[in-house]
Amino acid sequence: MLLNKIAEQLHVHLIGNGGIAVSGITYADVATEDKIAISMSRSEAMRTAAKVVLTNKILLGIDKTLLFCDGAILKTAKEIGELFVSHDEYPDYALQESYTWQDTGWIAGENVIVGASSHVGAFSCIGKNVQIGSNCVIYPNVYIGAGSIIGSNVIIKPGVRIASPAFFMYDSHPGNDFVGFGKVKIGNNVTIGSNTVVQRGSFADTIIGADTGIGDGVVIGHDVHIGRKCRIVSQAGIAGRSVLGDGVEVMGQAGIVENVNIGESSIIKAKSLVSKNVPDNEVISGLYGRKHIEEMRLQAVLRKKF
């Protein structure tokens, strides 16, 4: 789609080359040349590989074509995504699907692929264009939303929801429904415990790396990227756009806020709250996400006083 057509239809300001053809919109850090990059800061706009940047800031001295919006960036990004949907360049995950009843008691949308020796349990719902690899076990009462890609040797236990609609506020009005334009991609040899929710990507994909284990009742937000060989224990919560490196362990009831990067082989202790980036090989604990040894020293001081 040509950029000047997008600017014209959505009444956003175009600064630069309107003849550029773009194929979608995503976050600046994952955008390729042919995408529109959602940029929240000048540094993001400078670093992105995309030729076109969506922003609501005046960015001078940047060799990029700019789409400048007056209001909330994510609201405009959603409108641009919907434009791609209307031109059949994006799938419409908000559409109601028609399902077909399978002999073993589950329902499937169109073009579902289930690999050799994989089993789908009764009353599970598998959306259109879902791909499930070989030797997988999908327990009863599982929902896997349209477009999801599941690797081989994956175990998904009862009550799990894969590609549940993304939940975030893209503007100031509560109740706005936004399904998301991304997919969920799950690598090989992954286990997901009962009643866990993995949200669909909003402007990128939600990714769970190979050989990762996820416990019961975990919530994984939109656009989260979990590396290989991670372990996420029951009732943990990982907010949107966070990144977990390979080998990360997140203990029970820990919380990770949005846009946080957790370095490789780091450990987040139970009931910790992590609100800033964590380097590789670190151990974090406590309500304020301190280094574990600092938290233990603080607890020792408090015990002496009280």
Side-chain angles (χ1 to χ4, degrees), residues 85 91-168 175 177-202 205-224 226 230-238 240 250 252-253:
V85 170
D92 188 354
Y93 293 126
L95 278 178
Q96 289 293 323
E97 295 187 49
S98 32
Y99 295 94
T100 303
W101 187 263
Q102 307 298 305
D103 291 340
T104 50
W106 56 282
I107 58 174
E110 298 175 353
N111 303 317
V112 171
I113 297 173
V114 179
S117 302
S118 288
H119 173 77
V120 179
F123 307 112
S124 287
C125 175
I126 312 297
K128 65 183 179 182
N129 300 319
V130 168
Q131 300 175 37
I132 298 173
S134 59
N135 300 304
C136 294
V137 179
I138 312 298
Y139 277 72
N141 295 307
V142 168
Y143 169 83
I144 302 179
S148 299
I149 299 174
I150 313 295
S152 297
N153 305 305
V154 172
I155 299 172
I156 301 179
K157 296 186 178 179
V160 169
R161 293 186 63 85
I162 304 293
S164 186
F167 177 79
F168 74 91
D177 185 31
F178 176 47
V179 172
F181 304 119
K183 300 178 179 180
V184 173
K185 297 179 178 179
I186 298 174
N188 298 334
N189 307 309
V190 169
T191 298
I192 301 179
S194 298
N195 300 317
T196 284
V197 175
V198 182
Q199 291 181 1
R200 178 182 297 283
S202 54
D205 295 329
T206 302
I207 298 173
I208 300 174
D211 304 303
T212 287
I214 298 172
D216 298 342
V218 173
V219 177
I220 297 171
H222 60 87
D223 309 300
V224 166
I226 296 172
C230 292
R231 186 161 68 107
I232 302 170
V233 181
S234 297
Q235 299 183 2
I238 303 171
V250 180
Q253 297 187 342

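Values below: all heavy atoms of this structure, side chains included; hydrogens, waters and symmetry mates excluded.
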Given 3.5 Å as the limit, does a donor-acceptor pair link the side chain of [X] with the main chain of [Y], or not?
X: Gln199; Y: Val197; result: no
X: Ser234; Y: Gly217; result: no
X: Asn188; Y: Ser152; result: yes

Between atom [atom1] of [X] and atom [atom2] of [Y], what is the distance when rounded to the nearest 0.5 Å?
X: Ile144; Y: Ile150; atom1: CD1; atom2: CD1; result: 4.5 Å
X: Lys128; Y: Thr100; atom1: NZ; atom2: OG1; result: 13.0 Å
X: Ile138; Y: Ile162; atom1: CD1; atom2: CD1; result: 8.0 Å
X: Thr191; Y: Ile232; atom1: OG1; atom2: CD1; result: 12.0 Å

In short, side-chain hydrogen bond (donor to acceptor under 3.5 Å, both in side chains) pairs touching residues 207-217 with sequence neighbours left out are Asn189-Asp211, Asp211-Arg228

Under 3.5 Å, side-chain donor or acceptor atoms of residues 104-127 against the rest of the protein: list the pairs with distances, not counting sequence neighbours.
from: Thr104; atom 1: OG1; to: Trp106; atom 2: NE1; distance (Å): 2.8
from: Asn111; atom 1: ND2; to: Asn129; atom 2: OD1; distance (Å): 3.3
from: Ser118; atom 1: OG; to: Gly133; atom 2: O; distance (Å): 2.6
from: Ser118; atom 1: OG; to: Asn135; atom 2: N; distance (Å): 3.1
from: Ser118; atom 1: OG; to: Cys136; atom 2: N; distance (Å): 2.8
from: Ser124; atom 1: OG; to: Gly121; atom 2: O; distance (Å): 3.3
from: Ser124; atom 1: OG; to: Tyr139; atom 2: O; distance (Å): 2.9
from: Ser124; atom 1: OG; to: Asn141; atom 2: N; distance (Å): 3.3
from: Ser124; atom 1: OG; to: Val142; atom 2: N; distance (Å): 3.1

request  = Considering non-hydrogen atoms only, spot the tightest contact between Glu97 and Ala146 and give its length.
outcome  =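 For Glu97 versus Ala146, the nearest heavy atoms are OE2-CB, 3.6 Å.
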
Specify the closest pair of heavy atoms between Gly193 and Lys157, including all atoms of both residues, with the distance to one decimal.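 Closest approach of Gly193 to Lys157, heavy atoms only: C-CB, 4.0 Å.
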
Item checked: salt bridge (charged side-chain N to carboxylate O under 4.0 Å, His left out) contacts in which one or both residues fall within residues 183-200, not counting sequence neighbours ->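 Every salt bridge (charged side-chain N to carboxylate O under 4.0 Å, His left out) pair that includes a residue of residues 183-200, provided the two are not neighbours, is Lys185-Asp205.
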
Query raised in the report: Below 4.5 Å, heavy atoms only, C-beta onward: do Ile226 and Val224 meet side chain to side chain?
Result: yes

Given the options Val160, Val154, Ile155, Ile192 meets side-chain contact (heavy atoms from CB on, under 4.5 Å) only with Val160

Which of Val233, Thr196, Val250, Val198 passes side-chain contact (heavy atoms from CB on, under 4.5 Å) with Val218? It is Thr196

*asked:* Is a donor from one side chain sitting under 3.5 angstrom from an acceptor on the other, for Thr206 and Asp223?
replied: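 No donor-acceptor contact under 3.5 Å links the two side chains.
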
